[in-house]
Amino acid sequence: MVQTYQSPVRVYKHPFELIMEAYQRRFPTTHLMPILVSSEIVNETLSEDKAQHVVERLCKLGFDVPYLLKKLTGVDYVNFRQKNSLDRRKRTLHIETFNESFSNRLIIKETCVYSVHPDNPNWTCFEQAASLDVKSFFGFESIVEKIAVKQYSQSIAKGKEIIEYYLKELEAEGITYVPPFKDASSLKVPAILTTSYDDDKEQSCGGASISSEELNIGASASTVDLQKMEKQFPVDESQFKLEAEYIQRYLGELTPLQESRLIQLRTWVAELQKGKVPSDMTLLRFLRARDFAVDKAREMLSQSLVWRKKYQVDKILSEYQIPRVIKEYFPGSWHHTDKDGRPLYLLCLGQMDVKGLVKSVGEEGLLKLTLHTCEEGLRLCEEATERLGKPISSWTLLADLEGLNMRHLWRPGVQTLLRIIEIVEANYPETMGRILITRAPRVFPILWTIIGAFIDEVTRTKILFHGGTDYSEPGGLLDYIPEEYIPDFLGGPYQFDDGSNLVSIPASFDSFLEEGISSVDGSMVPKSMYMTEEQFEKERQSGCFIYDESVYKCVSLTKGQVHEEVISAAEKGGVICWDFDVTKQDVDFTVLRTKVSVPLKEQVSSPTTHGSPLDVLTSMNQLLVDSDHRSVIERSWKKDIDYFIVENPLACHEGESIQGSHVISVEGTYILQWKFNEPVNHPTHAKDFIESITSSKAKFMYYYEVLNSDDYRRQSTMRIHI
């Protein structure tokens with residue numbers, strides 16, 4: 001497996017020429033990077049006007065590897081080749097490095113770029129990318145890969161430290177400015193001067209009298225490598241880049257490899273979502289939830305984005321109004337912050353009338369409240385990050401269980417809780433920074449046994465239990481919550497105003513700090529506020545909106561199958577709009593028009609399973625048993641006579657989101673058609689019939705509607721926000 005690394009953009013607030021002088025001082029070796037044993041220049045070219053300077057260098061590195069591995073390979077050092085291309089006119093330095101030792105067993109490549117900051121010509125940017133591909137290494141492939149990753153991570157961390165060290169050294173010598181390169185107008189075509197070096201010839205460093213034309217550029221900013229640079233920092237990828245200072249300020253301390261994983265995920269999402277990119281903090285939460293495994297985080301994020309779109313979560317939450325019964329009887333709300341600056345949510349779970357709330361607002365109502373609370377928590381975290389000047393990415397839950405008893409184990413209520421936990425875990429990962437549970441009664445272990453299995457291991461480590469009155473002792477609430485915010489019923493000075501149990505969602509972080517909540521006393525929901533039997537039955541049958549109710553339809557196709565939506569009697573001037581996401585495999589999409597009357601699809605009954613083996617095998621072929629997956633276009637119909645292609649076929653790949661529209665210029669019957677994507681001119685054999693049955697399915701979800709021209713102009717695209 002190829003290991004890859006992509007750095008964020010690291011910014012030095014110094015001119016490019018001064019950075020180059022500091023960079024030069026690390027050669028031929030530096031005490032700051034003992035892994036670099038030696039470096040020798042083997043080839044050097046310098047243009048006549050001294051604008052372009054190319055240095056090729058042989059670097060010898062010493063790794064800290066197990067003794068057995070050293071004896072097996074018979075070498076103490078590893079050789080790397082490095083090519084540094086300095087363009088003083090463009091103020092760029094490109095560094096390319098690859099391994100010379102064991103090149104038939106493993107491939108290590110690195111590309112580094114120093115360039116001028118696009119917004120400030122007196123600052124310098126540094127970017128780094130690398131790849132490691134261990135093909136075979138005497139059975140020690142895994143060990144070699146781990147050693148290389150470890151050594152490279154250390155070298156990355158050292159890179160900026162080394163530059164800053166030599167910048168201070170230059171300052172101590174009185175060198176704080178290096179004049180930029182001045183073009184010689186008299187030179188039209190620069191000649192190239194070439195110098196070859198013997199193996200035993202050493203390169204000396206420049207002296208204290210500095211000009212940019214005199215700089216000799218040698219080795220890489222980090223000399224071991226792990227990544228394959230497929231594109232050498234092209235300009236059109238600038239939207240995918242992140243600056244290191246931004247990461248530290250808004251996202252927190254990350255290791256070099258974690259930064260790389262974030263950039264990889266960000267690039268993938270930006271390419272597929274076409275501008276609808278979740279925030280960097282959201283991407284980081286999904287990465288943390290999957291231990292920074294990019295593929296797993298990408299899958300989890302993709303499913304969450306599909307979920308939000310499929311069930312129109314953003315639209316629902318934007319229109320959500322807290323019901324009266326929730327305002328009056330739900331015992332919880334936001335309550336100031338903990339000592340780390342995280343928003344604090346206070347929930348008196350033991351005072352909650354679970355049955356009354358479910359019977360009053362239904363499962364969907366409680367789910368909407370939970371999702372609304374999660375969204376509000378994310379917004380409060382963003383505001384806390386701005387307010388406090390440090391990254392705040394999660395909140396704290398203070399759950400008081402006083403009053404928890406067997407009535408809280410009401411099965412529909414527990415099922416509702418489990419569903420909500422499952423949804424929150426999947427779509428709001430790593431939002432809970434800490435969970436403080438106080439006054440847990442004897443019945444709690446029963447409830448924990450039920451719900452604990454639905455909480456992932458990482459979240460479990462964030463839960464702190466306080467039974468009895470130990471929450472007021474050392475290690476209790478005072479270690480996590482400012483004393484003035486600890487409620488009086490938990491031994492603190494904070495007293496809630498008398499009145500209703502208003503769940504007050506603040507408009508801003510400032511008002512949130514000032515207001516807190518007025519009351520958390522729970523009480524039984526009056527039966528007069530319960531839904532009627534008709535309402536409850538409708539709720540039960542329809543299910544929770546995130547499971548069943550959706551304007552989107554989900555379809556699976558196997559080889560040779562199609563799915564079509566027929567739009568009859570389409571009127572001229574109308575607009576057909578479609579929106580679909582391919583979640584697995586590839587599909588082909590097109591729009592057709594026909595003047596021929598489209599017959600109803602015949603329902604084909606499945607053969608009995610007691611028939612012949614051929615009948616059983618035939619019953620497995622969805623091309624025969626599922627009329628929804630057969631085209632309404634008859635084989636006898638002729639293209640451009642009986643039917644017309646009004647939108648050219650489009651190959652849609654897994655992970656892509658497609659939106660489009662077609663203005664109806666000719667009245668008739670229109671057909672939206674999706675096909676399983678398969679190679680053209682594929683021969684038909686008996687084995688292909690078996691493959692059509694057993695091949696993996698393509699899956700997509702879609703939505704379409706037909707609008708008149710006025711409605712179409714009023715339509716606006718909904719923004720996905722997490």
Side-chain angles (χ1 to χ4, degrees), residues 5-27 30 32-33 36 39 44-47 50-57 59 80 82-97 109-130 152 155-170 175-181 205-206 210-225 227 229 231-235 237-238 241-245 256 259-260 263:
Y5 170 75
Q6 170 66 62
S7 76
V9 179
R10 304 193 183 279
V11 178
Y12 298 97
K13 297 182 179 180
H14 299 279
F16 174 80
E17 290 74 20
L18 188 63
I19 294 297
M20 290 297 97
E21 171 57 18
Y23 175 70
Q24 160 66 15
R25 293 199 169 197
R26 59 187 293 168
F27 305 121
T30 174
L32 296 174
M33 188 171 286
L36 178 60
S39 61
E44 183 175 11
T45 61
L46 180 65
S47 64
K50 298 184 180 181
Q52 280 106 30
H53 187 193
V54 179
V55 176
E56 295 184 36
R57 188 178 292 269
C59 302
F80 279 78
Q82 189 176 75
K83 180 180 179 181
N84 296 349
S85 303
L86 173 65
D87 190 325
R88 295 186 177 93
R89 184 180 289 106
K90 295 182 179 179
R91 303 177 78 192
T92 60
L93 171 64
H94 288 257
I95 306 167
E96 299 175 359
T97 311
K109 293 184 179 180
E110 181 189 53
T111 302
C112 301
V113 176
Y114 285 92
S115 61
V116 178
H117 193 285
D119 299 323
N120 190 329
N122 292 320
W123 290 358
T124 305
C125 296
F126 173 71
E127 298 173 73
Q128 190 173 10
Y152 190 66
S155 297
I156 293 169
K158 278 284 185 181
K160 188 174 183 180
E161 178 184 331
I162 293 173
I163 292 292
E164 291 174 346
Y165 173 85
Y166 286 115
L167 284 171
K168 291 180 180 178
E169 186 177 88
L170 287 168
I175 301 173
T176 58
Y177 175 75
V178 177
F181 175 80
C205 295
I210 304 299
S211 70
S212 63
E213 289 85 353
E214 295 172 348
L215 294 179
N216 292 320
I217 305 303
S220 153
S222 60
T223 44
V224 175
D225 342 78
Q227 175 158 357
M229 185 71 177
K231 298 180 181 178
Q232 200 165 24
F233 310 113
V235 176
E237 288 189 356
S238 59
K241 298 178 181 179
L242 292 174
E243 290 194 2
E245 289 188 8
E259 292 175 342
S260 173
I263 293 172

Practice item. List the atom of Gln6, the atom of Ser260, and the distance in Å for their closest heavy-atom pair. Key: N-OG, 2.6 Å
Point to revise | Leu167 and Ile19, any side-chain heavy atoms less than 4.5 Å apart | key: yes
Revision key, fill the gap. Heavy-atom nearest pair, Arg26 first then Ile162, reads NH2-CD1, 4.1 Å
Check your understanding: Do the side-chain N and O atoms of Tyr165 and Thr30 include a donor-acceptor pair separated by under 3.5 angstrom?
Key -> no
Point to revise | Atom pair CG (Leu93) and CZ (Phe16), whose distance is rounded to the nearest 0.5 Å | key: 6.0 Å
**Study point:** From Lys13 atom NZ to Asn122 atom CG, the distance as rounded to the nearest 0.5 Å
**Key:** 12.5 Å
Exercise for review: Without swapping roles, check the side chain of Thr124 against the backbone of His14 for a donor-acceptor pair under 3.5 Å.
Suggested key: yes
Practice item. State the CZ-NZ distance between Phe181 and Lys90, to the nearest 0.5 angstrom. Key: 12.5 Å
Study note, to complete from the structure: Rounded to the nearest 0.5 angstrom, the CD1-CD distance for Ile263 and Glu127 is 8.5 Å
Exercise for review: Could you walk me through whether Val55 and His53 pass the side-chain contact (heavy atoms from CB on, under 4.5 Å) test, one step at a time?
Suggested key: CA-CA 7 Å; Val55 176; His53 187 193; 3.5 Å; yes
Check your understanding: Any idea which heavy atoms bring Ser39 and Phe27 closest together, and the distance?
Key -> OG-CD2, 4.5 Å
Exercise for review: Using the six-membered ring wherever Trp is involved, compare the ring planes of Trp123 and His117 and label them parallel, tilted or perpendicular (cut-offs 30° and 60°).
Suggested key: perpendicular
**Study point:** Derivation of the side-chain contact (heavy atoms from CB on, under 4.5 Å) call for Tyr114 and Leu86
**Key:** CA-CA 9 Å; Tyr114 285 92; Leu86 173 65; over 6 Å; no
Review point. Listed by chain and number, what are the salt bridge (Lys or Arg N to Asp or Glu O under 4.0 Å) partners of Glu164, not counting sequence neighbours?
Key: none
Point to revise | Value rounded to 0.5 Å, distance of CG in Asp87 from CD in Gln52 | key: 5.0 Å
Practice item. Begin from the C-alpha positions of Arg25 and Leu170 and carry the test side-chain contact (heavy atoms from CB on, under 4.5 Å) through to its verdict. Key: CA-CA 10 Å; Arg25 293 199 169 197; Leu170 287 168; 3.3 Å; yes
**Study point:** Gap separating the NZ atom of Lys50 from the CZ atom of Arg89, nearest 0.5 angstrom
**Key:** 14.0 Å
Check your understanding: If every non-hydrogen atom of Phe126 is compared with every non-hydrogen atom of Cys112, which pair is closest and at what distance?
Key -> CE1-CB, 3.7 Å
Practice item. Decide, yes or no, whether a salt bridge links Glu17 with Arg88 under the criterion of side-chain N to carboxylate O below 4.0 Å. Key: no
Exercise for review: Take Met20 and Val178, measure what side-chain contact (heavy atoms from CB on, under 4.5 Å) needs, and give me the verdict at the end.
Suggested key: CA-CA 9 Å; Met20 290 297 97; Val178 177; over 6 Å; no
